[in-house]
**Q** 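Sharing a structure with you now.
Quick note: residue numbers are just sequence positions, from 1.
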Amino acid sequence: MAKTYDYLFKLLLIGDSGVGKTCLLFRFSEDAFNTTFISTIGIDFKIRTIELDGKKIKLQIWDTAGQERFRTITTAYYRGAMGIMLVYDITNEKSFDNIRNWIRNIEEHASSDVERMILGNKCDMNDKRQVSKEKGEKLAIDYGIKFLETSAKSSINVEEAFFTLARDIMTRLNRKMVSLDTNRNSPTTTGEDRCSLYVTLIEVFRLRLMIVFSRFQFQFQSDSLGISAVITEYDHSRF
């Protein structure tokens, strides 16, 4: 079967239980929302293909459980992620405070160059707000991460968040490719230049392997409904 996309990006949604990760996923992938809350069991994923700069990008978006008992399972999925969204609930200050813990998890388990974004979800509930937008922006600046407030219920900034993260990943990949082409076309190279070129080649090769592995992982999990750690309760009444 002919491939229907140019790139496959693996994205991850992380954050405390109840902050609305699943709702963000369903709003983006199916343009749907339901107020019923059912915790994600382990990990789940959805697919949506978008177009950026004339390229078709298949986004494989993983929704992780926020509860501590699933932490061993979910941290295994940090590896290979090309973009991670850290989600907190603006009406729950503890979920905001825990973002620093989630960032530490990324630093321990994810690739050092993974693209990150902080999302303050449920911004439609301004009357119950516990975390100001300024606090969210300051935290993002402290870590050098992009920030948006979102609402899965009102469909505020959901599309923008996912498209922005995907574009950042694409920009990083393109930058690696340009660097590689520049080094290839250089008329003379010193020993230091060659060393830098080898490092770049290894990094590009690693990124390409990451994309291939994500495709294989998706195909394998699609064909093996009983695979461990992927427990999908496909219920449109989920939170």
Side-chain angles (χ1 to χ4, degrees), residues 1-15 20-33 44-64 77-87 106 110-121 123 136-137 140 143-152 154-184 200-201 203-219 221-222:
M1 182 183 294
K3 190 175 69 172
T4 58
Y5 56 90
D6 299 295
Y7 297 98
L8 188 147
F9 294 166
K10 177 182 175 182
L11 309 181
L12 206 60
L13 287 162
I14 64 174
K21 299 184 297 295
T22 302
C23 278
L24 287 168
L25 176 59
F26 269 79
R27 174 60 75 186
F28 180 70
S29 63
E30 301 184 13
D31 196 22
F33 179 83
D44 195 1
F45 74 91
K46 293 284 184 188
I47 296 289
R48 178 175 162 185
T49 301
I50 64 174
E51 188 167 318
L52 282 178
D53 302 328
K55 299 291 186 181
K56 289 190 179 297
I57 314 295
K58 178 172 281 191
L59 302 179
Q60 183 188 118
I61 311 161
W62 293 83
D63 173 23
T64 64
Y77 283 81
Y78 286 42
R79 293 185 292 275
M82 304 172 78
I84 299 179
M85 290 178 163
L86 301 106
V87 186
I106 292 175
S111 169
S112 60
D113 59 357
V114 65
E115 297 294 336
R116 301 172 295 172
M117 175 179 282
I118 296 176
L119 300 182
N121 196 35
C123 68
E137 289 172 336
Y143 284 98
I145 303 173
K146 288 186 177 178
F147 169 80
L148 279 174
E149 284 199 341
T150 58
S151 169
S154 301
S155 193
I156 299 173
N157 285 338
V158 178
E159 292 272 314
E160 182 179 351
F162 282 96
F163 271 79
T164 298
L165 189 59
R167 187 176 294 281
D168 288 346
I169 296 170
M170 175 74 84
T171 299
R172 175 165 57 86
L173 289 176
N174 287 340
R175 194 162 54 238
K176 294 289 184 183
M177 298 302 179
V178 169
S179 176
L180 177 60
D181 290 342
T182 300
N183 284 319
R184 279 177 174 171
T200 302
L201 283 168
E203 179 62 15
V204 171
F205 181 66
R206 186 183 68 81
L207 288 170
R208 286 176 171 170
L209 274 181
M210 193 182 296
I211 295 171
V212 171
F213 176 74
S214 294
R215 290 174 183 164
F216 170 78
Q217 186 182 46
F218 167 61
Q219 186 63 47
Q221 287 161 342
S222 297

**Q** Quick one: pull up CG in Leu11 and CD in Glu115 and give me the separation to the nearest 0.5 Å.
**A**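 Taking CG in Leu11 and CD in Glu115, the distance rounds to 10.5 Å.
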**Q** Donor-acceptor check, side chain of Arg116 to backbone of Ile106, threshold 3.5 angstrom: yes or no?
**A**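 Checked: no pair found.
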**Q** State, yes or no, whether a side-chain contact exists between Leu173 and Met82 at a heavy-atom distance under 4.5 Å.
**A**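 Of all side-chain heavy-atom pairs linking Met82 with Leu173, at least one is under 4.5 Å.
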**Q** Mind checking whether Phe45 and Ile47 have side chains closer than 4.5 Å, heavy atoms only?
**A**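 Heavy-atom side-chain distance check passes, below 4.5 Å.
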**Q** Taking the side chain as every heavy atom from C-beta outward, state whether Thr4 and Lys56 have any atom pair closer than 4.5 Å.
**A**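 SC-SC contact between Thr4 and Lys56 ruled out.
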**Q** How long is the straight-line distance from CG of Leu86 back to CD1 of Ile14, given to the nearest 0.5 Å?
**A**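 That separation rounds to 4.0 Å.
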**Q** Do Glu149 and Ile156 make a side-chain contact, defined as non-hydrogen atoms from C-beta onward lying under 4.5 Å apart?
**A**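 They are not in contact (no side-chain heavy atoms under 4.5 Å apart), so the answer is no.
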**Q** Between Lys55 (side chain only) and Tyr7 (backbone N and O only), is there a donor and an acceptor less than 3.5 Å apart?
**A**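 No.
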**Q** Is Ile57 close to Ile169 at the side-chain level, that is, under 4.5 Å between some pair of heavy atoms?
**A**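 SC-SC contact between Ile169 and Ile57 ruled out.
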**Q** What's the spacing between Leu119 CG and Thr150 OG1 if we round to 0.5 Å?
**A**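 One finds 5.0 Å between CG of Leu119 and OG1 of Thr150.
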**Q** Any heavy-atom pair between the side chains of Phe28 and Ile50 that's under 4.5 Å?
**A**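 They are in side-chain contact.
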**Q** State, to 0.1 Å, how close Ala140 and Phe147 come at their nearest heavy-atom pair, and which atoms those are.
**A**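 So the minimum-distance heavy-atom pair works out to CB-CB, 3.5 Å.
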**Q** Would you say the side chain of Asp168 lies within less than 4.5 Å of the side chain of Arg172, judging by non-hydrogen atoms?
**A**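 Side-chain contact under 4.5 Å: no.
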**Q** Which pair of non-hydrogen atoms, one from Ile84 and one from Ala81, has the smallest distance, and what is that distance?
**A**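 It is CG1-CB, 4.1 Å.
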**Q** In Å and rounded to the nearest 0.5 Å, what is the OG1 to NZ distance from Thr164 to Lys146?
**A**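 It is 6.0 Å, given to the nearest 0.5 Å.
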**Q** Testing Ile118, Leu165, Asn157 one by one against Leu148 for a side-chain contact (heavy atoms from CB on, under 4.5 Å), which residue passes?
**A**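 It is Asn157, the one option of Ile118, Leu165, Asn157 that forms the side-chain contact (heavy atoms from CB on, under 4.5 Å) with Leu148.
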**Q** Please report the shortest heavy-atom distance between Cys23 and Phe33, naming the atom on each side.
**A**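 For Cys23 versus Phe33, the nearest heavy atoms are SG-CE1, 3.5 Å.
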**Q** With a 4.0 Å cut-off on N to O distance, would you call Arg48 and Glu159 a salt bridge?
**A**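 A salt bridge links Arg48 with Glu159.
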**Q** What's the shortest heavy-atom distance between Ala152 and Val158, and which atoms?
**A**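 Closest approach of Ala152 to Val158, heavy atoms only: CA-CG2, 4.1 Å.
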**Q** Looking at side-chain heavy atoms only, is the closest gap between Asn121 and Lys21 below 4.5 Å?
**A**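 No, every pair of side-chain atoms sits at 4.5 Å or beyond.
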**Q** In Å and rounded to the nearest 0.5 Å, what is the CE to CZ distance from Met170 to Phe163?
**A**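 The distance works out to 11.5 Å.
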